[in-house]
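All values below were derived from every heavy atom in this structure, side-chain atoms included, with hydrogens, water molecules and symmetry-related copies excluded. Throughout, protein chains are lettered first and strands after them, A, B, ... in sequence-line order, and every chain is numbered starting at 1.
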Amino acid sequence: MSDAYFDVIVDVPALRDRRFTYRVRESVFLPYGAKVHVPFGRGQADGYVVGRVQEPEGVETKEILAVYDTRFLPPLHLLSFGCMLARHYCAPVASVWSCFWPPRVPKKPVSKVVSPCHPPEVARRDAGVGNEEVRDLERPGEGLSFLRRAGERTGYLIWGSREFRWRFYIQKIKEALEDKRGVIVVVPEVKRIESASKILEADLGSKAAILHSGLSDAVRRRTWFEILEGQRCLVLGTRSCVFSPVKDLGLIIVDEEESESHRAEDLPRYSAAEVAMLRADWENAAVILGSSHPSVVRYSRACAGRLLLVREDRSSLTPLVRSQVIDLLAKGRRRGLITKEMYEELKCVFDGGKRALLFLNRRGTSSAIICLDCGHAVTCKRCSVSLSYHAKKRELLCHICGHRQPVPDVCPVCGGYRWKLVGAGTERVEEEFKKKFPQVPLFRLDQDVLEESSAESVLSSFLQSSPACLVTTQVVLGYDDLLDVEAVGVLSCDSLLNLSDFRASERVFHLLSDLMEVARSAQSEGRTSFLIQTYNRSHRAVQGVFDPEDFYRQELDSRRFLRYPPFGHLFKVEFSGKSPERVREAALSFAAKCEELEGGGEVVEILGPCPAQIPKVRGQHRWQLALKGQDREALTDMCETAASKTVLPSGVKISFEVEDSL
DNA sequence: AGCACGCCGACT
DNA sequence: GTCGGCGTGCTC
C-alpha cells in the first residue's frame, strides 16, 4: 500500500512555524488545520496539518500517530484568521490555532482512522496544499476593513457605569440574535460571569453558553462542540472565549475593556479586546468595547471616529460628598502612613459608625531591610529584588518568586546586626492604624491573607461590623461588588507612578478610578469620601480621576510626542535564560540584526537592548529590546526576519510582546 | 523546548 | 584510567 504525506507545524514555540513532513496510509485523508499527534525528536508532540505534499527527498519520514476528532476542526475562516493573528502578535501559528480547540478532544490512533470518501467540503479545505508558507495563506491586507468602510461604523466604545453598559449590550445582543447571528460576550474575571449570565437570562430569556477555566474539561469540551454545531449562539466567558467558533458571528462585546485580565501572559500573548476588534472585522461582525474608564488607546480610536463613542450622562452618577488629594510633600509632615487629614476624615467616618477602606499597593511590613552599618539590602537569591519583611510571620519574603527565609542575625556583607525597615506595606499600615484607632475593628485583605482564608469570608466579617476598616491591596478590586464602604483612602500611589513604562500613568489612572468607584457605590445615603495621599498631586493620573477627559488629553499629548501607541506601534522583545552573558549576547545580536535590516532608515526605531526592569527573575536573567514605529508591517517583518536570522545561543528564550494599538 | 552527542577537568 | 560538566545541533 502506498503512502500519503502531509506537512505539519508542530506546537513547539521555539520552532516557530517550521514544517515537518509526516506519513500516513494513502487512504487516510487529513484536512487543513487537522490536529494531530506525532513522534517528534525522541518524544512526541501535537501539531497541525497545513497541507498535502509529495514524498520528501533525502529525509526519512515518520508516521502520524493519532488524529484528534475532526468534528472539532475549526472552520476555515477561523484558521485563516489565526494565521493573521499569529502575524499580528509575532506568535507561532500553532500556538494560535491551539486556542481554537477545547481541552481534551479525543484522538484516534491513525490506524483506526476510517477515511471519509473525500467529501467536497473537506476537499475544498485542502485547496491550500502546496509549498506556500502557512502565513501566506489568506494573508490579510494592510489595515482593517472597518477602517476602510467609510462612514459605516461597526464598533462602539461604551463609556459609563455597569448598568448603563449592560443596558446597551442587551439592546445590541437582542438585535443580533433577532438577526439570527451569534454573539460573544467577554468579561475579565470568572467572578463577573455569574451576574452577567443572570442579566442575560433575565433580559433576553436565553441562556448563554458559559466558558471559563474554572469549568471541567468535559463541560468545556461539550459546550465548545455545541457552539461549533450552531446549537448555541450566545457565548459568555473570560478572554479565551473570544476564540470560540460561534456560527454567523454578528457581535463581540468586551466588557471592562481596559482590564489587564484581558491580556494573556503566555503564548500567544494576546489581548481579548484587540482580538475582538480584529475578529469582528474579519467576520464582518460588530464590536462593542465597554468600560467605566476606557483605555487611552480605545478612547483615542473613538475620538478619531473609528469607534462610535456612547457616553453615559454623568449627571446621573452619585456625587461624592468629599474628595481630596493630600500633598505628602507639604512641609512639617510627621512620619507615618496616615496623614493628619486622612486621620481626621477616618475619625469622622468611624465616629459615625461607618466603614472605610485604606488602599496601599504593597503587602508585608516593609519592602526591604537595610543594614544600618553598610547599607546592604537583603536580596533574593533567584531574583534581583530586595526581600520584603513580613512581621506577622517574622520572615523575609520575595514578592517575585515566593522564596522565604528568616531575617539574618548579622549582615552577610559587614557583620552588622542593626536592620532598618524601609518602604511600608499593609502590615505596617495595620500596626499604625491600631495605634491611632485602637477601638475600631481592623481587617486586612491582601495576597498573604488569601493564602489562609477566602476574600469572601474576610469581607463578610468586615461588612458585619461598623465601624470597621479594611486595609487592602489590588486584590480587593476583584471583589468590589461585595464592598460597601463610605470612605476610600489611598495611602500612596507613587511607587506605581514612577515605573518606567509608558503605560504607568494609565495604570494609575485606572486604579484610582476603580477605587473612586468603590467609594461612589456605597449603598448608604450620606457622606462618601475619596482621599488620595501622594507626592505627585498635580500628576495627570491623579488629577485625571476627577476629570478623565483632561487625563486623556494630556496622556495623548505625551504619547503623540513620543510616538507611543496609539500614535505608533510598540513591540517589546524579551530574552531570558540562565546565563547572563548568553542572554546579553542574544539581545545584542538580535538588535544588531535589526539595525542591519533597518539600514539607517527611519521606519523602525530600535530602543535598547538593555537589561529588563527586573534583570533576574527565578534565576533567569533578562534583557529587553523595544521596536517602535508607524508601520506595523515593517515592525512585524523586522521581528520575523531578525528572529529567523539570529542564531540564539542555546539556553536563551526569545519572546515578543505586542502592545495594544487598535 | 527537550535530548543526545562530544570534547576537556576532577576523581576513585 | 573513568565520571561528568555543559556547549552544539537536531528534531520530518
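Listed by chain and number, the residues in a ring pair (Phe, Tyr, Trp, His ring centres under 6.0 Å) with A:Y22 amount to none (sequence neighbours excluded). The ring pair (Phe, Tyr, Trp, His ring centres under 6.0 Å) search around A:F502 returns A:Y564, not counting sequence neighbours. Remark: A:Y270 pairs with A:F243 by the ring pair (Phe, Tyr, Trp, His ring centres under 6.0 Å) rule, at least two apart or across chains. With sequence neighbours excluded, the residues that form a salt bridge (Lys or Arg N to Asp or Glu O under 4.0 Å) with A:E256 are A:R162, A:R192. A:F225 is linked by a ring pair (Phe, Tyr, Trp, His ring centres under 6.0 Å) to A:F72, counting only residues two or more places apart in sequence or in another chain. By the salt bridge (Lys or Arg N to Asp or Glu O under 4.0 Å) test, A:E260 pairs with A:R503, A:R507, sequence neighbours left out.
The residue A:T61 sits close only to the backbone: its heavy atoms come under 4.0 Å of sugar-phosphate atoms, none of a base. Within the 4.0 angstrom heavy-atom criterion, no nucleotide atom of any strand lies near A:P56. Across all strands shown, A:R18 has heavy atoms under 4.0 Å from base atoms, whether or not it also approaches the sugar-phosphate.
The outermost nucleotides of DNA chain C lying under 4.0 Å from heavy atoms of chain A, listed 5' to 3', are C:dG7 to C:dC12.
A 4.5 Å side-chain heavy-atom check between A:L211 and A:S244 finds at least one atom pair inside the cut-off.
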(request) For each nucleotide in nucleotides 1-7 of chain B, reading 5' to 3', give B when a protein heavy atom comes within less than 4.0 Å of its base, S when such contact involves only the sugar-phosphate, and - otherwise. (result) B-BS---

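Residue pairs meeting the salt bridge (charged side-chain N to carboxylate O under 4.0 Å, His left out) criterion with at least one partner in residues 214-226 of chain A, sequence neighbours excluded, are A:R104-A:D217, A:D217-A:R220, A:R222-A:E226, A:E226-A:R232.
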